[in-house]
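Data block below; observations after.
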Number of protein chains: 2
Amino acid sequence: MATFRILVTPGDGIGPEVMEEALKVLGRVQQRFGHEFLYEEETIGGAAIDRYGVALRPETIAKAKASHAVLFGAVGGPKWDDPRASVRPEDAILGMRKQLGLFANLRPVRVSPELIGESTLKPEVLQGVDMVVIRELTGGLYFGKPKRRWENAEGRQAVDTLRYSEREVARVCHVAFQLARQRRKKVTSVDKANVLRTGQLWREIATEVGKQYPDVELEHILVDACAMYLVRRPASFDVIVTENMFGDILTDEAAMLAGSMGMMPSASLGRQRKDGTGIGLYEPIHGSAPDIAGQGKANPLAMILSAAMMLRLSLGLEQEAKAVEDAVDAVIREGLRTPDIAGPGAKVVDTRTMGSAVAERI
Amino acid sequence: MATFRILVTPGDGIGPEVMEEALKVLGRVQQRFGHEFLYEEETIGGAAIDRYGVALRPETIAKAKASHAVLFGAVGGPKWDDPRASVRPEDAILGMRKQLGLFANLRPVRVSPELIGESTLKPEVLQGVDMVVIRELTGGLYFGKPKRRWENAEGRQAVDTLRYSEREVARVCHVAFQLARQRRKKVTSVDKANVLRTGQLWREIATEVGKQYPDVELEHILVDACAMYLVRRPASFDVIVTENMFGDILTDEAAMLAGSMGMMPSASLGRQRKDGTGIGLYEPIHGSAPDIAGQGKANPLAMILSAAMMLRLSLGLEQEAKAVEDAVDAVIREGLRTPDIAGPGAKVVDTRTMGSAVAERI
Ligand SMILES: [Mg+2]
Ligand SMILES: [Mg+2]
């Protein structure tokens, strides 16, 4: 019987509600496959600001580092929204990524046949969409220095800096190629090599890393073309890998293919061990949704699918991950819907009923 | 009788073919409305490299500066594609923008009811889409310094710089608000103010400029949210204004709403005179399409609609611009189609027939 340590950080808003359902599903996985999941729970985000004065305590980081994975709910809410505040709920996720060295953000985009009508794109265009967008998470335009504002004789000025090193590009490309190997064996590297020096570096390194994976096809496209093709021929993508800000834009665009954010999981990964696993942080891409918190309206499937990614990527439990994903597919096929994905005449259920239904099907 | 000087630069590939049709249409406008258009024609792009060794001659710039507007076809082709070449066809457009001080790129996106089926988005989502995306063209991430590559003990490195001054942001925002006044009176300013210092500056200046246009509504959205909303609720936009690279990405995504690039015009504008007009460069967003050059398959409507933008924005001829746009709408309504926009069973016509049809309807 394998034992795994998991840090659970439910956070704010609907975070605790959807986390409860993910834990319910994981409980069923333990039982069914005979693993032992040892949980630690920590308060983070706005709740931690209220309780400790900071969004993320050093103790929480220490526990995260001693774990196989972190299951992260959501943080933030109007109570902590003051832009002048010195502590912000988002510090929890930014701090966690930084302290754990998580440099690759993975967002799978799959369109299930039953929900194909939810999107603004035509069903025939969405047929077969199944991609993972990998965004470099700790470098690029969001973190480069100088990053400042000043004033001179010509008025106010501001600068941000897009900087990459060979090492930063290579490690995230490796994540992409390794993932593609387990999938349809195609990597699309997205850059702006025709205008940016960092884009040239990105393309050069992606090409070199690609040579180490001769079984994986590599294509290069420009970021503006990618924004176009995501709408034009989304089913042509398998794994996309790109710069931090490009990824920020493209993942949000890609999320629209699925129609609802309520179903979309994500993973943030750092260095991988030889067996391909490593510590990771798993969170739904929807936020804390304070407007519906505590009402049983939240869709727990994104959190549950994040837990499935954890099983696969940090715990190395592929079969178990698949069992959870199949159970989610099954409840969708059976017509269970939380309000966010309920079309006319749908069987609307609450958060707990949805979670229990998934657990029962494992 | 008003006289206007227009510099015509057909360029490469299908450029000359579509230009011929635009001039045919302008000929009809002259006749019908009693204006005099004085044309100068210059060789640019690949054709100029072959003839003069450079893509853009100083003489051409001088003629452009002495004109009311530049009608620009398209440049480039496989013959001049060597990335190591010291002269490139694209130098023509980049040089023209720089020398003429064209800092605002305008791309209208309209979906005509007859072509609504061409898009990958659902018709009901496209209903009423009518926006102009304005991209800052001479600053931002594509031009900031330092912009270089080097190597150190940790390997290869690269940097690009996103820099803006108050003045650069303000002038392009003014273009947006002035345009919105002639339209539905809404400006969406797109930035990344939550992460970038240049984004904060952008939002601050856009807000200040907006105060001078109290009759125009101003909304701010983040660039990743904009990428999402363009797919989710495109009809909600009127005028969008944004940073150079954001605009590069968002305009290409927005182009997909219309289904085909063959219909999409653009304008690049510099400082405006008191009456709101000023020198501008007008070009279709499709490229030189060397694969179909000389076969009569090119769609001339993007070039013709670019000429309509010229009539409105550089010559101050609103009624004439509208007459051209209405004529384009009419031929589309009557079912005339070039191959790029021809659905099953459509009346396919060649480039010249399409151009003549538009001219006749003015
Ligand atoms: Mg984003
Ligand atoms: Mg572009």
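Just so it is clear, the values below take in all heavy atoms, side chains as well, and ignore hydrogens, waters and symmetry mates. To find a chain, count down the sequence lines: A is the first, B the second, and so on, and within it residues start at 1.
Residue contact with chain A, scored on non-hydrogen atoms closer than 4.5 Å, is absent for T251(B). With a 4.5 Å cut-off on non-hydrogen atoms, F246(B) touches chain A through its side chain but not through its backbone. With a 4.5 Å cut-off on non-hydrogen atoms, Q200(B) touches chain A through its backbone and its side chain both. Using a 4.5 Å cut-off between heavy atoms, L126(B) does not touch chain A at all. If you measure heavy-atom distances from V195(B) to chain A, the contacts under 4.5 Å come from both the backbone and the side chain.
Side-chain atoms of R156(A) and I205(B), non-hydrogen and from C-beta on, do get closer than 4.5 Å to each other. At least one side-chain heavy atom of Q157(B) sits less than 4.5 Å from a side-chain heavy atom of R163(A). Looking only at side-chain heavy atoms (C-beta outward), D224(A) and M245(B) stay at 4.5 Å or farther from each other.
Note that OG1 of T120(B) and CZ of R233(A) are 12.0 Å apart. Values are rounded to the nearest 0.5 Å. Here CE of M256(B) is found 11.5 Å from CG of L230(A). Values are rounded to the nearest 0.5 Å. To the nearest 0.5 Å, atoms CZ (R232(B)) and OG (S119(A)) are separated by 7.0 Å. Going from atom CD1 of I249(B) over to atom SG of C226(A) covers 9.5 Å, rounded to the nearest 0.5 Å. The distance from the OG1 atom of T161(A) to the CZ atom of R197(B) is 11.0 Å, given to the nearest 0.5 Å. Atom CG of D160(B) and atom CD of E243(A) lie 9.5 Å apart (nearest 0.5 Å).
At most 12 non-hydrogen atoms from other residues, nucleotides or ligands lie less than 6.0 angstrom from CZ of R110(A). Surrounding CZ of R271(B) are at most 12 heavy atoms belonging to other residues, nucleotides or ligands under 6.0 Å away. In the displayed structure, K98(B) atom NZ is contacted under 6.0 Å by at most 12 heavy atoms of other residues, nucleotides or ligands.
With chain B as the partner, the residue from E151(A), R148(A), E124(A), E154(A) showing the most heavy-atom pairs under 4.5 Å is R148(A). For the options L257(A), T198(A), V125(A), heavy-atom pairs under 4.5 Å to chain B are most numerous at T198(A).
Remark: D248(A) engages K192(B) in a salt bridge, criterion side-chain N to carboxylate O under 4.0 Å.
The minimum heavy-atom distance linking P123(A) with K122(B) is given by the pair CD-CE, 4.4 Å.
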